[in-house]
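Lettering follows sequence order; numbering is per chain, from 1.
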2 protein chains.
Amino acid sequence: MGSTQLETVPEPKYWHLKTVLSEALDSEFAVGEILPNERDLAARFGVARATLRQALEQLELEGRLQRRRGVGTTVAPPRMGVAVGTEQHAWPGAAGDAWQSADCAQAAPPAAVAAILETDRNEVVHTVRRSRMSHGQPVAAELLYIPASSVPGLTAIDAPSGPARARAVLRELQHLELEGQERAVELGSARADDAKELDRLPGAPVLVVTTRFVAAGRVAALSVATYRADTCRLTFGDSGSVEIHHGPERQAS
Amino acid sequence: MGSTQLETVPEPKYWHLKTVLSEALDSEFAVGEILPNERDLAARFGVARATLRQALEQLELEGRLQRRRGVGTTVAPPRMGVAVGTEQHAWPGAAGDAWQSADCAQAAPPAAVAAILETDRNEVVHTVRRSRMSHGQPVAAELLYIPASSVPGLTAIDAPSGPARARAVLRELQHLELEGQERAVELGSARADDAKELDRLPGAPVLVVTTRFVAAGRVAALSVATYRADTCRLTFGDSGSVEIHHGPERQAS
DNA sequence: GAGTGGTCTAGACCACGGT
DNA sequence: CCGTGGTCTAGACCACTCG
């Protein structure tokens with residue numbers, strides 16, 4: 001039989017579905033518009049709900065959709081550019097940074113953190129929690145680890161705990177001369193506490209930005225910031241002004 | 001009825017499962033070791049296979065596991081640091097960069113790309129495909145868009161097409177003075193062609209690094225690089241030497 | 001209470017990799 | 001060929017939001 005099936009690769013249904021939906025989003029829906037519910041959509045396309053959900057999950061991962069339990073599925077606006085790597089190095093908490101200090105504690109850091117800080121075990125490490133807003137939405141939650149040796153001028157009198165304490169720690173940090181900072185970005189999933197702060201479910205995809213602040217030849221502070229991967233595009237360099245988007249975008253009425 | 005249920009939040013099964021598996025990976029498995037198959041694991045934990053898969057998917061997303069159809073599920077090594085933002089700016093294709101040119105064409109770029117390049121419609125844009133290896137594995141696939149006006153010295157004689165043509169285009173690019181580059185990182189899912197190159201299935205999570213190369217006050221080139229999100233940690237700054245990992249790591253025998 | 005997305009089940013078949 | 005992970009189904013119930 002001389003019939004050679006050339007490249008008959010049966011495309012998975014959910015993949016094809018994703019393509020169809022993606023094109024529909026470009027041409028027939030406005031940002032903020034509510035899609036039909038999952039059961040209706042599944043019926044309309046003649047697939048099981050789980051299959052439809054697989055397509056929706058991908059589109060949400062790509063920032064095209066936003067789903068909220070009890071509410072519905074809406075068309076997401078283009079991702080917002082969030083500046084992460086301002087060229088001029090600066091300590092966290094420097095004037096005009098985008099973060100808001102939330103709390104401060106002196107918990108023992110995780111082992112992986114201690115290894116990077118190269119602290120003796122038992123050395124006190126200040127742990128500052130901060131959050132970052134952009135366009136009225138929470139976009140990131142951060143844990144800052146600062147060995148006590150990096151803030152020698154800190155007095156117990158400054159503030160016992162809470163946001164005031166956090167600001168005091170960061171204020172002390174500015175006295176050190178920052179020699180450099182090294183960043184890394186990787187994919188992660190939101191821990192329960194971060195998820196709550198980011199208004200997402202636990203396990204939601206996040207971009208984890210790890211920054212080591214170097215001063216006096218050692219790591220003087222470590223920041224682990226988790227950004228919502230669905231709504232954020234992390235920008236490095238001069239600006240985050242130019243937008244890349246997927247196609248025609250309209251505004252919901 | 002004075003019983004106030006305080007914070008009785010029933011944790012989803014797959015989430016608890018993920019935690020259990022994660023701890024088991026830290027303490028009982030070596031890197032490269034093969035886990036029992038999904039049907040056995042599901043039976044062992046008393047859940048449906050779909051539920052177990054939900055947990056495995058999360059762990060794979062976090063770079064803890066690697067799954068391959070027809071083979072099995074293995075314990076992944078810690079993510080490799082991949083340098084992306086070397087501080088000294090340089091054109092793509094400069095001496096010693098990590099990329100290997102694969103091909104070159106003159107296809108019309110997607111609308112979103114044309115918008116960023118601010119090219120007239122119909123202006124010729126060279127499209128170079130490159131790939132990047134690290135530690136013997138493919139880690140990234142890139143599409144480079146270079147308007148013909150950025151490489152005026154390029155002659156048709158240099159090479160008609162293919163890798164040689166790609167190198168010729170990049171060689172011409174070095175003649176321009178690079179004024180700056182702006183990068184953005186966001187989460188995406190692999191297109192079919194990228195997935196093939198990265199040895200993953202279509203839809204696999206990737207980190208999309210978009211770089212605009214600025215020269216003579218305009219965008220002279222645009223790079224869209226997709227990195228495997230499961231195996232890569234993108235590093236910016238001086239080095240990617242320090243490793244963050246999740247716990248005890250051992251080597252498979 | 002009605003409607004939404006989130007979780008979970010117990011099956012089935014398919015595509016792929018190695019033997 | 002067999003065993004693996006990948007896809008798909010047709011249900012069920014739960015958690016949440018909102019009117």
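Between the C1' atom of C:dG5 and the CG atom of A:Leu65 lies a distance of 13 Å, rounded to the nearest Å. Taking atom CD on A:Gln66 and atom P on C:dG6, their separation rounds to 11 Å, with Å as the unit. One atom, CD of B:Gln58, and another, C1' of C:dT7, lie 13 Å apart when rounded to the nearest Å. To the nearest angstrom, C1' of C:dG17 lies 13 Å from CG of B:Leu201. Taking atom CG of residue A:Asp199 and atom P of nucleotide D:dC16, one finds them 13 Å apart after rounding to whole Å. Rounded to whole Å, the distance from CG on B:Leu17 to C1' on C:dT7 is 13 Å. Across the protein-nucleic acid pair, A:Arg69 atom CZ and C:dC8 atom P stand 11 Å apart, rounded to whole Å. Across the protein-nucleic acid pair, A:Glu57 atom CD and C:dG5 atom P stand 13 Å apart, rounded to whole Å.
Between the side chains of A:Thr210 and A:Arg183, no donor N or O sits under 3.5 Å from an acceptor N or O. Side-chain contact check for B:Arg53 and B:Tyr14: no donor-acceptor pair (N or O, by modelled atom type) lies under 3.5 Å. Using a 3.5 Å distance cut-off with no hydrogens or angles, the side chains of B:Gln66 and B:Thr74 do not pair a donor with an acceptor. A donor and an acceptor atom, one from each side chain of B:Gln100 and B:Ser131, are nowhere located under 3.5 Å apart.
By the 6.0 Å contact criterion, CZ on B:Arg49 is enclosed, its count of non-hydrogen atoms from other residues, nucleotides or ligands being greater than 12.
Between A:Thr73 and A:Ala50, the residue whose closest nucleotide on DNA chain C is further toward the 5' end is A:Thr73. Residue-to-nucleotide proximity on DNA chain D shows that, of A:Leu52 and B:Gly70, the 5′-proximal contact is made by B:Gly70.
Among the nucleotides D:dT9, D:dC18, C:dC8, the one closest to the side chain of A:Val47 is D:dT9. Listed nucleotides: C:dG6, D:dT7, C:dC8. Nearest to the side chain of A:Arg67: C:dG6. The side chain of A:Pro12 has D:dT7 as its nearest neighbour among C:dT9, D:dA12, D:dT7. Closest to the A:Tyr14 side chain, of the nucleotides C:dT9, D:dC8, D:dT9, is D:dC8. Distances from the side chain of A:Arg49 to the nucleotides D:dC8, D:dA12, C:dC16 place D:dA12 closest.
Among the protein residues, B:Leu56 comes within range of no part of the nucleic acid, since none of its heavy atoms lies under 4.0 Å from any strand. Nucleic acid contact for B:Arg53: base, since at least one base atom lies under 4.0 Å from a heavy atom of the residue.
Residues A:Leu52 and A:Ala42 share a closest heavy-atom pair of CD2-N, 3.8 Å. Of all heavy-atom pairs spanning A:Leu65 and A:Val75, the tightest one is CD2-CA, 4.2 Å.
A heavy-atom distance below 4.0 Å to DNA chain C is reached by these residues of residues 35-42 of chain A, ordered by number: A:Asn37, A:Glu38, A:Arg39.
Not a single donor-acceptor contact under 3.5 angstrom links the side-chain atoms of B:Arg68 to the base of C:dG18.
A sub-4.0 Å separation between OP1 or OP2 of D:dT9 and a side-chain N or O of A:Thr51 is present.
Qualifying side-chain contact (heavy atoms from CB on, under 4.5 Å) partners for B:Asp230, counting only residues two or more places apart in sequence or in other chains: B:Arg200, B:Arg228.
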